[in-house]
Number of protein chains: 2
Amino acid sequence: MAAQRGEGDAVVATPRNPADAEVRERARAIPEAAVARLAVYLRVLSGMVDQGVTTISSEELSSAAGVNSAKLRKDLSYIGSYGTRGVGYDVEVLVSHIERILGLTRKHSVAVVGIGNLGHALANYGGFPSRGFPVAALFDIDPDLTGVPVGGIPVNHIDDIATVCAEREVSIGVIATPPQAAQAVCDRLVSAGVQCILNFAPVVLQVPDNVEVRKVDLAVEMQILSFHVARRADEAAGEVVNGVGVDGVVIRP
Amino acid sequence: MAAQRGEGDAVVATPRNPADAEVRERARAIPEAAVARLAVYLRVLSGMVDQGVTTISSEELSSAAGVNSAKLRKDLSYIGSYGTRGVGYDVEVLVSHIERILGLTRKHSVAVVGIGNLGHALANYGGFPSRGFPVAALFDIDPDLTGVPVGGIPVNHIDDIATVCAEREVSIGVIATPPQAAQAVCDRLVSAGVQCILNFAPVVLQVPDNVEVRKVDLAVEMQILSFHVARRADEAAGEVVNGVGVDGVVIRP
DNA sequence: CCGACTTTGTGCAAGCGTTCACAAGCGGTA
DNA sequence: TACCGCTTGTGAACGCTTGCACAAAGTCGG
């Protein structure tokens, strides 16, 4: 209630640029999978800019990003037609359009909750601020941590989530707590008005429809890898009867 | 040569259990998306075991895992028919079958490369060993770190990847290095025989076909969330012309 | 033993996302 | 200006995933 986020700002933005309406329409239609890839393209393109590359073809960019070139072109077509046939894409133009679609023209302040090992690492991680995601607040339930600076930012007590998030205009909450605490922390973030959550805790969070959750689950990732190890071992066991693996490449020399 | 992982093992394993061939066939056919969900089900089920729950219906389990119940049943059907109509699934039976399919009956030793902030957090993360993924080796390029114990394990120099990984039968490599070093580290892991890699570095790794890579990319996750923030702001801006956003919650105060 | 009720397992159709293939468009060249 | 070669942008086909809906199969009470 207190921290109702936003009232005048976004509204004024509407009539500012005549192309905005079109951008909005496109953004609505972009498949989730394509959004994830756009972020990857953006990173590759940023590297290109640093190398002084000014133009790039879909073939080059797609192989650098590890995808099919047709897929790349289709992904880019979701955000508009900014290539030149016979030539390729202007790197800087592409960068700025992807940034616009991904909403990177705004700053997105981040709050990290749970200052354990992972929370420390996140608070100190340089990749966030450099890409427009400044870490604006840290929270922990341990009173001894309150006020202690981590990565240059003093830790707040978790009870102050609502006020601090409002003050610092936090738009993304990162949950790095133990699993038992994650749902409660999530609820607090949501009621503090945070609508986007990145969850590192190994639990399935229950949130209202208007909140977006992405999860990073190490255990799941490891188990998927484990599955592939097992599948491979089984295949090898099934197709060879003794000694060497299926394609001559066994586990180790 | 020295520590050939399961040379005899995997091979002899074949005829051991008559059901193995069937398990192998099923495993081959499970869609990747379903594998990821199976890992989630497994975690929920483990929690159920701890609570003393012995039986669970697809409806209960699916809502706890945040998926559709039909999808859950289909996922479980990939690994076999282990439910009882009219009753549900026996929790322990399900756990053991999912564990078998995911290959969790073997130990999967993990090597972490890059002992910075994230590497420290990973080395100290309790979730790995408890789930059958013991951290068996740590590597860094900094000679000053060599021999220093982190999370109880002494750090090795990166030049020793091949020998140490062989000795300790590492099957999963975790890359937590800066992006510039990631590809080189990856190449070393691959030539050391590691076939599964979990990559935290923000780069697209190039690997041979027989190597499985999963990536955890914080920047991409943040940018996807950013996209949703922007989309929401746009929708709000598009649907209201003055004053309050679509559901009363706009960007900033 | 039977019938009512519950829940699984799955055929089928709809929806997405990916891939192919090619027309359209642009720069360069004579 | 007209042609040529190259690369984009996209319609259409394909395949994977999801969700529905229901028959099959079991339990439980009488």
**Student:** Heavy atoms only: give me the nearest B/Leu61-B/Tyr41 pair and the separation to one decimal.
**Tutor:**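 The pair with the smallest heavy-atom distance is CD1-O, 4.5 Å.
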
**Student:** By nearest heavy atom, map B/Arg37 and A/Gly86 onto DNA chain D; which one lands nearer the 5' end?
**Tutor:**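 Comparing both residues, the 5'-ward one is A/Gly86.
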
**Student:** Can you tell me how far apart CD1 (A/Ile172) and NE2 (B/His228) are? Round to the nearest 0.5 Å.
**Tutor:**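 Answer for the CD1-NE2 pair, A/Ile172 versus B/His228, is 10.5 Å.
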
**Student:** Does A/Arg214 have any salt bridge (Lys or Arg N to Asp or Glu O under 4.0 Å) partners at least two apart in sequence or in another chain, and if so, which?
**Tutor:**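 For A/Arg214 the salt bridge (Lys or Arg N to Asp or Glu O under 4.0 Å) partners, ignoring immediate neighbours, are A/Glu32, B/Glu221.
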
**Student:** What pairs with A/His97 under ring pair (Phe, Tyr, Trp, His ring centres under 6.0 Å), at least two apart in sequence or on another chain?
**Tutor:**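 With neighbours one apart ignored, the set is A/Tyr82.
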
**Student:** Give the first and the last nucleotide of DNA chain C, reading 5' to 3', that has any atom under 4.0 Å from a heavy atom of chain A.
**Tutor:**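 Nucleotide range in contact with chain A: C/dG17 to C/dG27.
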
**Student:** Taking B/Ser226 as the fixed residue, which of A/His108, A/Arg106, A/Glu99 is the one that meets the side-chain hydrogen bond (donor to acceptor under 3.5 Å, both in side chains) rule?
**Tutor:**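 Exactly one candidate clears the test, A/His108.
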
**Student:** Looking only at heavy atoms, which two atoms of A/Ser62 and A/Leu72 are closest? And how far apart?
**Tutor:**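 Nearest pair, atom of A/Ser62 first, then A/Leu72: CB-CB, 3.9 Å.
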
**Student:** If you measure from CD1 on B/Ile79 to CG on B/Leu102, what distance do you get to the nearest 0.5 Å?
**Tutor:**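 Result: 8.0 Å between the selected atoms.
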
**Student:** Between A/Val194 and A/Ser171, which heavy-atom pair has the shortest distance, and what is it?
**Tutor:**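 Scanning both residues, the minimum pair turns out to be CG1-O, 3.9 Å.
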
**Student:** Sequence neighbours excluded and cut-off under 3.5 Å, please list the side-chain donor-acceptor pairs for residues 197-209 of chain A, or say none.
**Tutor:**
residue, atom, partner, partner atom, Å
A/Asn199, OD1, A/Ala201, N, 2.9
A/Asn199, ND2, A/Ala201, O, 3.1
A/Asn199, ND2, A/Val203, O, 3.2

**Student:** Both B/Gly83 and A/Asp75 contact DNA chain C. Which one's nearest nucleotide lies toward the 5' end?
**Tutor:**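 This one resolves to B/Gly83.
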
**Student:** Test for a donor-acceptor pair under 3.5 Å between the base of D/dT8 and the side chain of A/Arg85, counting only N and O atoms.
**Tutor:**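 When only heavy-atom distances are counted, A/Arg85 does reach the base of D/dT8 through a donor-acceptor pair under 3.5 Å.
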
**Student:** Anything under 3.5 Å between a donor and an acceptor, one on a side chain of residues 87-96 of chain B, the other on a protein residue two or more places apart or in another chain? List them.
**Tutor:**
residue, atom, partner, partner atom, Å
B/Asp90, OD1, B/Glu92, N, 3.0
B/Asp90, OD1, B/Val93, N, 3.0
B/Ser96, OG, B/Val93, O, 3.0

**Student:** May I have the distance from A/Tyr78 (atom OH) to D/dT10 (atom C1'), rounded to whole angstrom?
**Tutor:**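 Computing the A/Tyr78:OH to D/dT10:C1' distance gives 10 Å.
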
**Student:** Just how far, in rounded Å, is P of D/dT10 from CD1 of A/Ile30?
**Tutor:**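 My rounded result for the distance is 13 Å.
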
**Student:** Hey, what bend do you get for the helix from C/dC1-D/dG30 to C/dA30-D/dT1 if you fit axes on five pairs at each end, rounded to 10°?
**Tutor:**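 End-to-end axis angle: 10°.
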
**Student:** Name the pairs: protein N/O against N/O of nucleotides 13-15 of chain D, kept only if under 3.5 Å.
**Tutor:**
none

**Student:** For DNA chain C, determine which residues of residues 87-99 of chain B have any heavy atom closer than 4.0 angstrom to one of its atoms, and list them numerically.
**Tutor:**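 Those residues whose heavy atoms fall under 4.0 Å from DNA chain C, taken from residues 87-99 of chain B in numerical order, are B/Val87, B/Gly88, B/Tyr89.
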
**Student:** Can you name the closest pair of heavy atoms from B/Arg232 and A/Val211 and give their distance?
**Tutor:**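 In this case the closest contact between B/Arg232 and A/Val211 is NH2-C, 4.1 Å.
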
**Student:** Can you tell me which residue pairs pass the salt bridge (charged side-chain N to carboxylate O under 4.0 Å, His left out) test with a partner in residues 36-59 of chain A, sequence neighbours excluded?
**Tutor:**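 Pairs touching residues 36-59 of chain A that pass the test: A/Arg37-A/Asp75, A/Arg43-B/Asp217.
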
**Student:** Listing request: all salt bridge (charged side-chain N to carboxylate O under 4.0 Å, His left out) pairs with a residue in residues 190-207 of chain A, at least two apart in sequence or in separate chains.
**Tutor:**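 Passing the test, one end in residues 190-207 of chain A: no pairs.
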
**Student:** Could you list by number each residue of residues 67-74 of chain B showing a heavy-atom separation from DNA chain C of less than 4.0 Å, or answer none if no residue does?
**Tutor:**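 Residues of residues 67-74 of chain B under 4.0 Å from DNA chain C: B/Arg73, B/Lys74.
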
**Student:** Hey, are B/Arg73 and B/Ser58 close enough side-chain-wise for a donor-acceptor pair under 3.5 Å?
**Tutor:**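 Per modelled atom types, B/Ser58 and B/Arg73 side chains form a pair under 3.5 Å.
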
**Student:** Contact list please: residues 46-65 of chain A against DNA chain D, heavy atoms, distance less than 4.0 Å, in numerical order.
**Tutor:**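 Within residues 46-65 of chain A, the residues near DNA chain D are A/Ser57, A/Ser58.
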
